[in-house]
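Residue numbers start from 1 in every chain, and the chains themselves are labelled A, B, ... in the order their sequence lines are given, proteins ahead of strands.
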Amino acid sequence: MSRTKRVITNGEVARMLREIAMMLEMENVPFKPRAYEKAAYAVESLSEPIAELLEKGGERAIEELPGVGKSIAEKIVTLVRTGRLPYYEELHAKVPVDLSGLGAIEGLGPKNIKVLYEKLGVRTIEDLENAARLGKIRSLPHFGEKSEQKILRGIEFLKRSQGRFLLGAVLPLVRDIERRLERLSGVRRVAIAGSIRRCKETVGDGDLLVVADDPEAVMDFFVSMPEVQYVHGKGHTKSSVKLHMGMDLDLRVVPAQSWGAALSYFTGSKAHNVALRRLAMERGLKLNEYGLFRGDRAIAGQTEEEVYEALGLEFIPPELREDSGEIEAARQGKLPKLIDYGEVKGDLQVQTDWTDGAHSIEEMVEAARRLGREYIAITDHTRALAMVGLDAAKLREQMRYIDQLNGKLRGFRVLKGAEVNIDRDGSLDIDDETLSQLDVVGIAVHSHFHLSRAEQTRRIVRAMENPHADILFHPTGRALLKREPYDVDMEEIFAAALRTGTVLEIDGYPERLDLRDEHVRKAVEAGVKLVIDTDAHSVHHLDYLFFGIATARRGWATAADVLNTLPVEKFLAGLKGGRESAKPERKKLGAPKRRR
DNA sequence: GCCGTTTTCGGCCCGACTGTTTTCAGTCG
């Protein structure tokens, strides 16, 4: 549909590299799959388009990416310049199937995909579903009734999440489009509305609003952007397109005097809008996307603030607009003062190249500093994650290393930490003596996802009872659009957090956002202390703090609920048992204050 | 195919779990 020459996205390059890895895996090629995966990861976590990087820095710049050498760099260059990759096509001809689609089904890997293709001709998810429903899969070697059921469940889950996109994947793209619109002449205002503005963890489509002197020109620009795959419609006030990445994006041109009303209307949520309109009605007013009216006279509408004010409400931040009590609270002037996007001072989950991270401790420190953080905790994986994890000896070595590094740093502190595995029985896979020497002990579940609710809860609570366990990382273990959380009684986790002084994490990694918004709200109500961090595995991930803070805001959290809004010494003092130089603060912890 | 304050060649890719199986292949982190 679009006539502009297509620029391949980082996501598409990464996807092809990953599919190459899968195809090499099918052939039992040693080592190479991991190399391609690493390269895919590097491309994916780039903060600029790879085409731009190539243009600016040439092949050399590509080769400098971590995990990308001469051979893969050449392939990336070919792919970006020609839009095709012969090496990929050669491999793909042998197993011409939808690798990314099939591979997205939990428990289905390259080897099984190959068998399914060769024995049953399965190429797509639909083929797979048919084969499973006909009971054809159970008779395949190394498959059985259970694997057939598991496949069907996996497909079911995938279907439910289809048409949804991660906020973290969508926001950078839509912000970029927003910036380009802002630069058009005659464009006076641009804003992202809809669920993206509310920072929902996944979104179905995107909405942009503009005020423009020449709406036609804006629409022309919008429908011919290189990202556009298909134009659903193009009119004077509204155009709608499908983007190559799959999501629909709408653009609306609104009158300047209706800006606030329109922004409110198109930000939603629908339920929030209905409640606002009801409130307007009660006051003899009418609210729509053009303004707030008494009779025919507009009494508000230019800004959102004046709309809320005219309705007798405090301004309600977009993240709260879900009709879940925010209107009543705003009416009573009792909205919490949400934690602000600039208020988190330290990042508490950071992986480095000591384990599965892409960058060194120094690189992570440097990047965190540039972003204005005052401290980070290095929390590499431990032992039981066998491929990558540090054992106690290695952990101690890293501690010494960090001590030395801290000696050289001014105005920034690197905390010694770890992401310690919770074993099946709730014990930790690093000894207490070693743990006691760390500044920050994060504990996390990485195995046995399918225990019963009772067993899973008991296991995690037991781990929280360890006197050295400071923070429970990604408490529910979900992977958005991919994997359900494990079955755990969150009420009991909150109770255990209060009882033991264990802090719960809001993991800002866009696929996790764990605790999720609703859990944050319950935790806050219970008085549980939280931290917000990024789970960064590369310097580019340190930006994910935004998504963590957005999730905290959606959960009605204030700065007081979030321990790492404190400077480092006070933060450490707030951890279980207090740490180091900060003993006097210890008492303040246990007794949570209640708000609202 | 990548990488190098012990290597420019020779390591890297471990271990637990699941579901299929009487000894193991595939997946996941």
How long is the line joining [atom1] of [X] and [atom2] of [N], in whole Å?
X	N	atom1	atom2	answer
A/Lys146	B/dC17	NZ	C1'	13 Å
A/Asn421	B/dG29	CG	P	13 Å
A/Asp429	B/dC17	CG	P	12 Å
A/Arg34	B/dG29	CZ	P	12 Å
A/Ile151	B/dT20	CD1	C1'	13 Å
A/Gln351	B/dG29	CD	P	14 Å
A/Glu145	B/dG19	CD	P	13 Å
A/His446	B/dC28	NE2	P	15 Å

So which protein N/O to nucleotides 24-27 of chain B N/O distances come out below 3.5 Å?
from, atom 1, to, atom 2, distance (Å)
B/dG26, O3', A/Asn112, ND2, 3.3
B/dT27, OP1, A/Gly109, N, 2.4
B/dT27, OP1, A/Gly109, O, 2.7
B/dT27, OP1, A/Pro110, N, 3.4
B/dT27, OP1, A/Asn112, N, 3.2
B/dT27, OP1, A/Asn112, ND2, 3.4
B/dT27, OP2, A/Lys111, N, 3.3

For A/His474 and A/His446, I'd like to know if the aromatic rings sit close, meaning centre-to-centre distance below 6.0 Å.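 Yes.
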is_close_aromatic(A/Phe412, A/Tyr375), centroid dist under 6.0 Å: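 Judged by ring-centre distance (under 6.0 Å), A/Phe412 and A/Tyr375 do not meet the cut-off.
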Sticking with atom [atom1], work out how far [N] lies from [M], rounded to a whole angstrom.
N	M	atom1	value
B/dG26	B/dT21	P	13 Å
B/dC3	B/dT8	C1'	9 Å
B/dT6	B/dG1	C1'	23 Å

For residues 105-122 of chain A, which side-chain donor-acceptor pairs fall under 3.5 Å, sequence neighbours excluded?
from, atom 1, to, atom 2, distance (Å)
A/Lys111, NZ, A/Asn28, OD1, 3.0

So what does A/Lys70 hit on the nucleic acid, given a heavy-atom distance under 4.0 Å: a base, only sugar-phosphate, or nothing? sugar-phosphate
Reckon A/Lys114 touches a base, only the sugar-phosphate, or nothing at all at heavy-atom distances under 4.0 Å? nothing
Below 4.0 angstrom, which residues in residues 447-466 of chain A have at least one non-hydrogen atom near DNA chain B? A/His448
In terms of the angle between their ring planes, are A/Tyr509 and A/His537 parallel, tilted or perpendicular, with boundaries placed at 30° and 60°?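 A/Tyr509 vs A/His537 ring planes: perpendicular.
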Under 4.0 Å: is that the gap between some side-chain N or O of A/Lys32 and OP1 or OP2 of B/dC12?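 So the side chain of A/Lys32 is outside the cut-off, no N or O lying under 4.0 Å from OP1 or OP2 of B/dC12.
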Going by side chain to side chain donor-acceptor pair (under 3.5 Å), name the pairs with one or both residues in residues 398-409 of chain A, residues two or more places apart or in two chains.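 Every pair satisfying side chain to side chain donor-acceptor pair (under 3.5 Å) with a residue in residues 398-409 of chain A: A/Glu362-A/Tyr401, A/Asp380-A/Gln398, A/Asp403-A/Lys416.
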More 5' along DNA chain B: A/Ile72 or A/Gly144, using each one's nearest nucleotide? A/Ile72
Would you mind telling me which residue lines up with the more 5' stretch of DNA chain B, A/Glu148 or A/Pro30, judged by nearest nucleotide?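 Its nucleotide being nearer the 5' end, the pick is A/Pro30.
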Applying side chain to side chain contact (heavy atoms under 4.5 Å, CB included) to A/Ile549 and A/Leu545, what does each step give before you reach the verdict? CA-CA 6 Å; A/Ile549 296 173; A/Leu545 208 54; 4.1 Å; yes
Okay, side chain of A/Asn564, backbone of A/Gly346: is any donor-acceptor separation there less than 3.5 Å? yes
Mark yes or no for whether A/Asn466, through its side chain, and A/His468, through its backbone, hold a donor-acceptor pair below 3.5 Å.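 Checking the backbone N and O of A/His468 against the side chain of A/Asn466, a donor-acceptor pair under 3.5 Å is found.
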For nucleotides 3-8 of chain B, give me every protein contact, N/O to N/O, under 3.5 Å, one pair per line with atom names.
from, atom 1, to, atom 2, distance (Å)
B/dC3, OP1, A/Gly67, N, 2.8

Go through the structure and list residues passing side-chain contact (heavy atoms from CB on, under 4.5 Å) with A/Asp489, not counting sequence neighbours.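 Testing A/Asp489 for side-chain contact (heavy atoms from CB on, under 4.5 Å), a comparison that skips the adjacent residues, returns A/Arg453, A/Thr457, A/Glu491, A/Glu492.
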What one should report as the nearest heavy-atom pair of A/Gly67 and A/Ala39 is O-CB, 3.9 Å
Please give the nucleotide sitting opposite B/dC12 as a Watson-Crick or G-U wobble pair, both distances under 3.5 Å, or none. B/dG1
Decide yes or no for A/Leu504 and A/Phe494: does some side-chain heavy atom of the first lie under 4.5 Å from some side-chain heavy atom of the second? yes
Does A/Val461 reach the side chain of A/Ile493, with side-chain heavy atoms less than 4.5 Å apart? yes
